[in-house]
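Notes for the one structure printed next.
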Amino acid sequence: MKKSLLTLFAVAAMSTTALAADVKPALVYGTGGKFDKSFNEAAYNGAEKFKAETGIAYRDFEPTGDTQGEQAIRNFASRGFNPVVAVSFAWTSAIEKVAAEFPDTKFIIVDSVVDKPNVRSVVYKEEEGSYLVGVLAGMASKSGKVGFVGGMDIPLIRKFECGYEQGARSVNADIEVFQNMTGTTGAAWNDPVRGGELTKNQIDQGADVVYAAAGATGLGVLQTAADNKKLSIGVDSNQNYLHPGSVLTSMVKRVDLAVYNAYNDTKNDKFTGGVQALGVKEDGVGAAIDEHNKSLITPEMQAAVDKAKADIIAGTIKVHDYTSDNACPK
């Protein structure tokens, strides 16, 4: 009996090891660099959390151009990595092709939808989180003028801007919103100098709060706002700590959860394909308030953002999604 029990324990231990061995995670970032302190770094943090909790290592790759992304995704799949997470809409066609070639591999794409049974598509309601930071911007602005600097000029980034504008107008119907996009190629995510130039131009026009949704380019936005004693708003990761007292808030987008959940669900044999849409209700997006920006948030601002959040969850406030009709209501 004792021998039988020991045998069972040994088999159970082997099964656990085999299950862990079946999880061989990989991560392909968007262009802009792993440590952009924004979108890509959020993905990295999710992978690191999984590694710390489970002891299971992962491999990652930083593409510098669009062709490298597809090569990396196919390379990981061909070498038996599973699941493979691709964190950018730029890898949509790559995932469509490679997922069809490797039907037994699980793929996750962030910020796009690929309709394959072995693909999980994680998208966010960026307009809802941007509405919340827009409320804070509208209340914090003394000039009645706020700005927005986007990265690549695509509908996804205009979705951020449109939500921000709606939030700002909800507290000041006459507020003026300046907006600029950095570029039309992937290089727009990694040009902090240009981000700073666009920010200075908006400040010169009177903007006293500028929201960056531009990956590593946004670091130039935050720096320029701080240098000119104006307020900025970070994006994706919580960037409040970068310039304490200058970053009004950050529109946090939980890309880390998409990566962590993908790895964990695969490990626990709970992976499902299909679309996951994460908004305020799902805690997928929000406005970050911590020790670094608390002094900038008045009780009235806190109450306003709490009410807006509750109203979005209740459906009382319906934030328009720019990508639904490629338009933003005025």
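Every heavy atom of this structure was used, including side-chain atoms; hydrogens, water molecules and symmetry mates were not. The chain is numbered in sequence order, starting from 1.
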| message | Looking at every non-hydrogen atom in both residues, tell me the closest pair between A42 and V255 and how far apart they are. | response | CB-CB, 3.9 Å

| Given the rule in the side-chain contact (heavy atoms from CB on, under 4.5 Å) test, do V247 and N293 qualify, once you have shown the distances and angles that lead to the verdict? | CA-CA 7 Å; V247 182; N293 70 333; 5.9 Å; no

| request: Determine, stepwise, if the pair L257 / E282 fulfils side-chain contact (heavy atoms from CB on, under 4.5 Å). | output: CA-CA 11 Å; L257 280 183; E282 296 79 17; over 6 Å; no

| If you count the non-hydrogen atoms of other residues, nucleotides and ligands that lie under 6.0 Å from NZ in K34, is the total more than 12? | yes

| note | For L278 and G284, the nearest pair of non-hydrogen atoms, with its separation, is CB-CA, 3.9 Å

| remark: Nearest heavy-atom approach of P83 to A262 is CG-O, 4.0 Å

| message | I'd like to know if the side chain of N228 and the backbone of K230 have a donor-acceptor N/O pair within less than 3.5 Å. | response | no

| Linked, directly or transitively: V252 and F39 (ILVMFWY side chains, under 4.5 Å) | no

| task | Sort and list the pairs that fulfil ring pair (Phe, Tyr, Trp, His ring centres under 6.0 Å) and have at least one residue in residues 211-241, not counting sequence neighbours. | result | F148-Y211, Y164-Y211

| field | Over 12 foreign heavy atoms within 6.0 Å of CG, D227 | value | yes

| task | Under the side-chain contact (heavy atoms from CB on, under 4.5 Å) rule, what do F50 and V23 come out as? Steps first, then yes or no, please. | result | CA-CA 11 Å; F50 175 80; V23 182; 4.2 Å; yes

| request: Quick one: do E291 and K294 satisfy salt bridge (charged side-chain N to carboxylate O under 4.0 Å, His left out)? Show the steps, please. | output: CA-CA 5 Å; E291 69 274 18; K294 230 171 192 174; over 6 Å; no

| message | Between Y44 and D60, does the side-chain hydrogen bond (donor to acceptor under 3.5 Å, both in side chains) criterion hold? Intermediate values first, please. | response | CA-CA 9 Å; Y44 165 78; D60 59 359; over 6 Å; no

| said: Once rounded to the nearest 0.5 Å, what's the spacing between atom CG of D208 and atom NZ of K229? | reply: 15.0 Å

| query | Should the heavy atoms of other residues, nucleotides or ligands under 6.0 Å from NZ of K330 be counted, would the total exceed 12? | reply | yes

| query | How far does SG of C328 sit from CG of D321, to the nearest 0.5 angstrom? | reply | 10.5 Å

| request: Would you mind reporting whether K49 and D256 have side-chain heavy atoms less than 4.5 Å apart? | output: no

| query | Looking only at atom types and distance, does a side-chain atom of S170 sit under 3.5 Å from a main-chain N or O of G167, one as donor and one as acceptor? | reply | yes

| query | Is the charged tip of K159 near the ring of Y322: under 6.0 Å from the six-membered ring centre and within 45° of its axis? | reply | no

| How long is the span from the CZ atom in R120 to the OG1 atom in T272, to the nearest 0.5 Å? | 4.0 Å

| Side-chain touch C162/E127, heavy atoms, less than 4.5 angstrom | no

| For V146, the option from N172, L231, I175, V210 that meets side chain to side chain contact (heavy atoms under 4.5 Å, CB included) | I175

| Note, E126 side chain near D111 side chain (heavy atom, < 4.5 Å) | yes

| Do T92 and S112 have side-chain N/O donor and acceptor atoms under 3.5 Å apart? | yes

| Donor-acceptor pair between Q205 and N201 side chains, under 3.5 angstrom | yes

| task | Using a strict cut-off of less than 4.0 Å between a Lys/Arg side-chain nitrogen and an Asp/Glu carboxylate oxygen, indicate whether K37 and D236 qualify as a salt bridge. | result | no

| query | Roughly how far, to the nearest 0.5 Å, is the CD1 atom of I108 from the OH atom of Y263? | reply | 7.5 Å

| Hey, does V84 have a side-chain heavy atom less than 4.5 Å from the side chain of F102? | no

| note | Of all heavy-atom pairs linking G65 and W91, the shortest is O-CH2, 3.8 Å

| task | Only one of K51, E48, K24 passes side chain to side chain donor-acceptor pair (under 3.5 Å) with Y58; say which it is. | result | E48

| S143 (side chain) donor-acceptor with G206 (main chain) under 3.5 angstrom | yes

| note | Shortest non-hydrogen pair, V135 vs A308, comes out as CG2-CB, 4.4 Å

| message | With a 3.5 Å distance limit and no angle check, can you tell me whether Q223 reaches the backbone of L219 through a side-chain donor-acceptor pair? | response | no

| Any donor-acceptor pair under 3.5 Å linking the side chain of D311 with the backbone of T316? | no

| field | Nearest-0.5 Å distance, CG of residue D36 to CG of residue N190 | value | 8.0 Å

| said: Could you check whether any side-chain N or O of H320 sits under 3.5 Å from a backbone N or O of A327, counting only pairs where one atom can act as donor and the other as acceptor? | reply: yes

| message | Checking D153 against T184: is there a side-chain donor and acceptor pair closer than 3.5 Å? | response | no

| So F61 and Q71, side-chain contact (heavy atoms from CB on, under 4.5 Å) or not? Walk me through it. | CA-CA 10 Å; F61 183 77; Q71 289 169 356; over 6 Å; no

| I157 versus M181: any side-chain heavy-atom pair under 4.5 Å? | yes

| Are the side chain of S121 and the backbone of V114 linked by a donor-acceptor contact shorter than 3.5 Å? | yes

| request: Kindly indicate, with the supporting measurements, whether the criterion side-chain hydrogen bond (donor to acceptor under 3.5 Å, both in side chains) is fulfilled by N240 and S250. | output: CA-CA 6 Å; N240 296 353; S250 295; 2.9 Å; yes

| field | Heavy-atom pair with the smallest gap, counting every atom of A258 and V122 | value | CB-CG1, 3.8 Å

| query | Under 4.0 Å between a Lys/Arg side-chain N and an Asp/Glu carboxylate O for E165 and R169? | reply | yes

| said: Nearest 0.5 angstrom please: T182 OG1 to M152 CE, how far? | reply: 11.5 Å

| Between K106 and D265, is the closest basic N to carboxylate O distance under 4.0 Å? | no

| query | Do S88 and W189 have side-chain heavy atoms sitting under 4.5 Å apart? | reply | no

| said: Contact between V209 and I233 at the side-chain level, heavy atoms closer than 4.5 Å - yes or no? | reply: yes

| message | Side-chain heavy atoms nearer than 4.5 Å, only ILVMFWY residues, links allowed to pass through others: does that put F178 and I203 together? | response | no

| field | Heavy-atom side-chain contact between V275 and D115 under 4.5 Å | value | no

| request: Using the ring of F76 (Phe, Tyr or Trp, six-membered ring only), decide whether R59 places NZ or CZ under 6.0 Å from its centre and within 45 degrees of its axis. | output: no

| field | hydrophobic_cluster_shared for V235 and I289, side chain cutoff 4.5 Å | value | yes

| message | Would the distance check show the side chain of E128 and the main-chain N or O of G279 forming a donor-acceptor pair, the cut-off being under 3.5 Å? | response | no

| field | Whether N264 side chain and Y260 backbone form a donor-acceptor pair below 3.5 Å | value | no

| task | Could you state whether I56 and V28 fall into the same hydrophobic cluster, counting links through intermediate Ile, Leu, Val, Met, Phe, Trp or Tyr residues with side-chain heavy atoms under 4.5 angstrom apart? | result | no

| said: Treating S141 as the side-chain partner and A137 as the backbone partner, does any N or O pair qualify as donor plus acceptor under 3.5 Å? | reply: no

| Can we say E161 and R158 salt-bridge, meaning some charged N sits less than 4.0 Å from an Asp/Glu carboxylate O? | no

| request: Say whether V177 and F160 are linked into one hydrophobic cluster, either directly or through other cluster members, by side-chain heavy-atom distances under 4.5 angstrom. | output: yes

